[in-house]
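Please read the structure below before turning to the comments.
To find a chain, count down the sequence lines: A is the first, B the second, and so on, and within it residues start at 1.
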Amino acid sequence: MILYIAAGAVSGIIAGMGMGGGTLLIPILTLFMDVPQKAAQAINLISFAPMAIIVTVINIKKKLLSKSALLLVAPSAVIAAAASALAAKYVPQTVLRSVFGVFLAVLGLSLLIKQFVSDFVVKYVSALSRMYV
Amino acid sequence: MKSKCKRNLPLLTKLAVIAGGGAVGIATGFLGGGGGTLLVPLLTYGCKLPVKKAHATAVTIILPLSVISGAIYAASGFYPIKIGLLTASGVVAGGIAGALLMNKIPSRILSYVFYIIMIVAGLKAI
């Protein structure tokens, strides 16, 4: 029982720091706790809501929300989300798990490369260019 | 700072951002998460939002997506209520702790660790 709270807490900390905790909660649940893929996805989706409501209220007060971006992106995103949640119902758990695995690995790799480039390559190149200017 | 994502963007960029929103929706609905990680770059590069504002706006855009998708999963019988609520309580507590810790932990090292965990977990799930 306590393991589920702990799994939630770990991903909550990562999410609270703005690094996408949802992408962590699903593999924790499926790989270490034998939760079926679709149940893990449902848990992640529903667990996200209370925190997102709190964060949204705080951000409205801080005036950090871009209304124009919200209005531009949300409609297509909502329609696509509803349609693909309905579609997921008909996809076997094992297939969904593999697709999720590919998505996670590609996402992790691209974020890693991006972070590496901004941390080291940019610094190195600008140091080099300073040497020659 | 005022950002006018909707009015001032060129038509092509606008269409690309709308299509990107569709991809975010597919990730959220089909894979149950990860939409936010796609949405932040979409908002910073596409809508030219500053990073802080992009993070804030991303959370609010994902909220209706996860509520609707979560409701569809639950209606299809995929939501185990007991372990779901236990996990959710952990997420809320962890989320508050994470927000408070945000500037106190060297997040750069943590993000490297986190990305490597993502790659390993992804490969393991395949």
At a heavy-atom separation under 4.5 Å, does [X] approach chain B through its side chain, its backbone, both, or neither?
X: A:Val78; result: both
X: A:Leu25; result: side chain
X: A:Lys62; result: neither
X: A:Met33; result: neither

Sort [X] into side chain, backbone, both or neither according to what part of it lies under 4.5 angstrom from a heavy atom of chain A.
X: B:Thr37; result: side chain
X: B:Leu39; result: side chain
X: B:Ile62; result: both
X: B:Ala27; result: side chain
X: B:Phe114; result: side chain
X: B:Ile68; result: side chain

Nearest non-hydrogen partners of [X] and [Y], listed with the distance:
X: B:Leu63; Y: A:Ala52; value: CD1-CB, 3.6 Å
X: B:Leu31; Y: A:Ile26; value: O-CD1, 3.5 Å
X: B:Ala56; Y: A:Asn59; value: CB-ND2, 3.3 Å
X: A:Leu45; Y: B:Gly70; value: CD1-N, 3.8 Å
X: B:Phe78; Y: A:Gln93; value: CE2-NE2, 4.2 Å
X: B:Leu43; Y: A:Ala69; value: CD2-CB, 3.9 Å

How long is the gap from [atom1] on [X] to [atom2] on [Y], to the nearest 0.5 Å?
X: B:Lys124; Y: A:Thr30; atom1: NZ; atom2: OG1; result: 9.0 Å
X: A:Leu24; Y: B:Ile117; atom1: CG; atom2: CD1; result: 6.5 Å
X: A:Leu70; Y: B:Ile61; atom1: CG; atom2: CD1; result: 5.0 Å
X: A:Leu86; Y: B:Ser76; atom1: CG; atom2: OG; result: 7.0 Å
X: A:Leu112; Y: B:Met118; atom1: CG; atom2: CE; result: 10.0 Å
X: A:Ile46; Y: B:Tyr79; atom1: CD1; atom2: OH; result: 4.5 Å

Exercise. Taking only residues at least two apart or on different chains, which pairs with a member in residues 85-123 of chain A satisfy ring-ring contact (aromatic ring centres under 6.0 Å, His included)?
Worked result: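 Every ring-ring contact (aromatic ring centres under 6.0 Å, His included) pair that includes a residue of residues 85-123 of chain A, provided the two are not neighbours, is A:Phe116-A:Phe120.
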Problem set entry | same_hphob_cluster(B:Val91, B:Val59) at 4.5 Å side-chain heavy-atom cutoff |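 Yes, because B:Val91 and B:Val59 connect within a single hydrophobic cluster, where side-chain heavy atoms sit under 4.5 Å apart.
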Exercise. Side-chain heavy atoms under 4.5 angstrom apart, residues restricted to Ile, Leu, Val, Met, Phe, Trp, Tyr: same cluster for A:Val91 and A:Val35?
Worked result: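 Yes, it is one cluster - the side chains of A:Val91 and A:Val35 are joined through contacts under 4.5 Å.
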If you count heavy-atom pairs under 4.5 Å between each of [options] and chain A, which one has the most?
options: B:Gly95, B:Pro41, B:Gly33; result: B:Gly95
options: B:Ile126, B:Leu42, B:Ile81; result: B:Ile126
options: B:Pro80, B:Gly77, B:Ser89, B:Ala93; result: B:Pro80
options: B:Leu85, B:Val24, B:Ile26; result: B:Ile26

Problem set entry | Other cluster members, A:Leu65 - Ile/Leu/Val/Met/Phe/Trp/Tyr, side-chain contacts below 4.5 Å |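 Members other than A:Leu65 - counting any ILVMFWY side chain reachable under 4.5 Å - are A:Ile60.
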Look at the side chain of [X] and the backbone N and O of [Y], then say whether any donor-acceptor pair between them is shorter than 3.5 Å.
X: A:Ser76; Y: B:Ile18; value: yes
X: B:Thr57; Y: A:Ser66; value: yes
X: A:Gln41; Y: B:Phe30; value: yes

